[in-house]
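For reference, the structure is listed below as structure tokens.
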Amino acid sequence: MSVTQETIDQFVEYIKLQVFDDRYIDRQEEKRILEEGIKMGIGIEKGLAIIRQVVIEKGYGLEREIEEQAKKLLQRFAADGKVDRKEFDDAFEMFKQEVNGKLKDDEIKRRLKQIMLDNGWQAKEGGLFGSKWFSAIK
């Protein structure tokens with residue numbers, strides 16, 4: 001089934017409406033947008049491509065892609081299996097900038113910590129004068 005340009009344009013406007021207030025698409029919003037696209041006759045793959053295109057063109061944040069960027073950055077930092085505080089803070093700043101103020105600092109740190117835990121990367125903390133910065137993230 002072929003989707004008309006008019007339908008695609010309608011879908012793009014729907015996406016813009018969903019992010020009008022915060023310029024950020026979390027996973028739940030992304031799912032709702034895709035569900036609306038399916039109702040319009042747009043498949044999931046085409047819907048995802050359109051969402052990505054709108055996000056890039058308008059400078060919106062897309063939660064799934066931001067987390068993937070953070071994972072790649074942390075992976076680069078964790079070449080030796082460990083991430084130090086400065087590297088974590090760099091990943092935090094990137095994440096914070098991309099979410100357009102949608103998430104609080106504590107939530108961003110929790111998500112980054114979870115990415116590290118999920119991938120088996122350790123934090124460089126402690127030592128003679130070090131702090132327990134990573135352990136302190138709740």
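- Remark: Asp105 does not engage Lys109 in a salt bridge, criterion side-chain N to carboxylate O under 4.0 Å.
- Salt bridge present: Glu30 and Arg64 bring a charged side-chain N and a carboxylate O closer than 4.0 Å.
- Taking 4.0 Å as the cut-off between side-chain N and carboxylate O, Lys96 and Glu93 do not count as a salt-bridged pair.
- Within 6.0 Å of CD1 on Ile44 lie no more than 12 heavy atoms contributed by other residues, nucleotides or ligands.
- Considering only residues two or more places apart in sequence or on other chains, Lys138 meets the side-chain hydrogen bond (donor to acceptor under 3.5 Å, both in side chains) condition with none of them.
- Side chain of Asp80 to backbone of Lys82: a donor-acceptor contact under 3.5 angstrom is found.
- Within the 4.5 Å cutoff, no side-chain heavy atoms of Thr4 are placed close to those of Asp9.
- Enclosure of atom CD in Glu6 is not indicated, since only 12 or fewer non-hydrogen atoms of other residues, nucleotides or ligands lie within 6.0 angstrom.
- Salt-bridge annotation for Glu67 and Arg27: present, with a side-chain N of the basic residue lying under 4.0 Å from a carboxylate O of the acidic one.
- Every residue meeting the side-chain hydrogen bond (donor to acceptor under 3.5 Å, both in side chains) condition with Tyr24, not counting sequence neighbours, appears here in chain and number order: Glu63.
- Applying the salt bridge (charged side-chain N to carboxylate O under 4.0 Å, His left out) criterion to Asp106, with sequence neighbours excluded, gives no partner residue.
- Considering only heavy atoms from C-beta on, Ile42 stays 4.5 Å or farther from Glu36 through its side chain.
- For Gln114, the side-chain hydrogen bond (donor to acceptor under 3.5 Å, both in side chains) test picks out Asp118, with sequence neighbours left out.
- Counting only distance, with no hydrogens or angles, the side chain of Trp121 and the backbone of Ile115 share no donor-acceptor pair below 3.5 Å.
- Within a 6.0 Å radius of CD in Gln97, other residues, nucleotides and ligands contribute 12 heavy atoms or fewer.
- The side-chain heavy atoms of Gln75 and Asn119, taken from C-beta on, include no pair separated by under 4.5 Å.
- The side-chain heavy atoms of Leu112 and Met116, taken from C-beta on, include no pair separated by under 4.5 Å.
- By the side-chain contact (heavy atoms from CB on, under 4.5 Å) test, Glu13 is found to be paired with Lys16, residues two or more places apart in sequence or in another chain being considered.
- Evaluation of the salt bridge (charged side-chain N to carboxylate O under 4.0 Å, His left out) test over residues 48-60, restricted to residues two or more places apart or in two chains, returns Arg52-Glu65.
- The closest donor-acceptor contact from the side chain of Asp84 to the backbone of Lys86 lies under 3.5 Å.
- Ring planes of Phe134 and Phe88: perpendicular class, angle over 60° (limits at 30 and 60°).
- No side-chain donor-acceptor contact under 3.5 Å links Gln18 to the backbone of Ile15.
- Taking the side chain as every heavy atom from C-beta outward, Phe95 and Leu73 never approach each other to under 4.5 Å.
- By the 4.5 Å heavy-atom criterion applied to side chains, Arg85 and Lys124 are not counted as neighbours.
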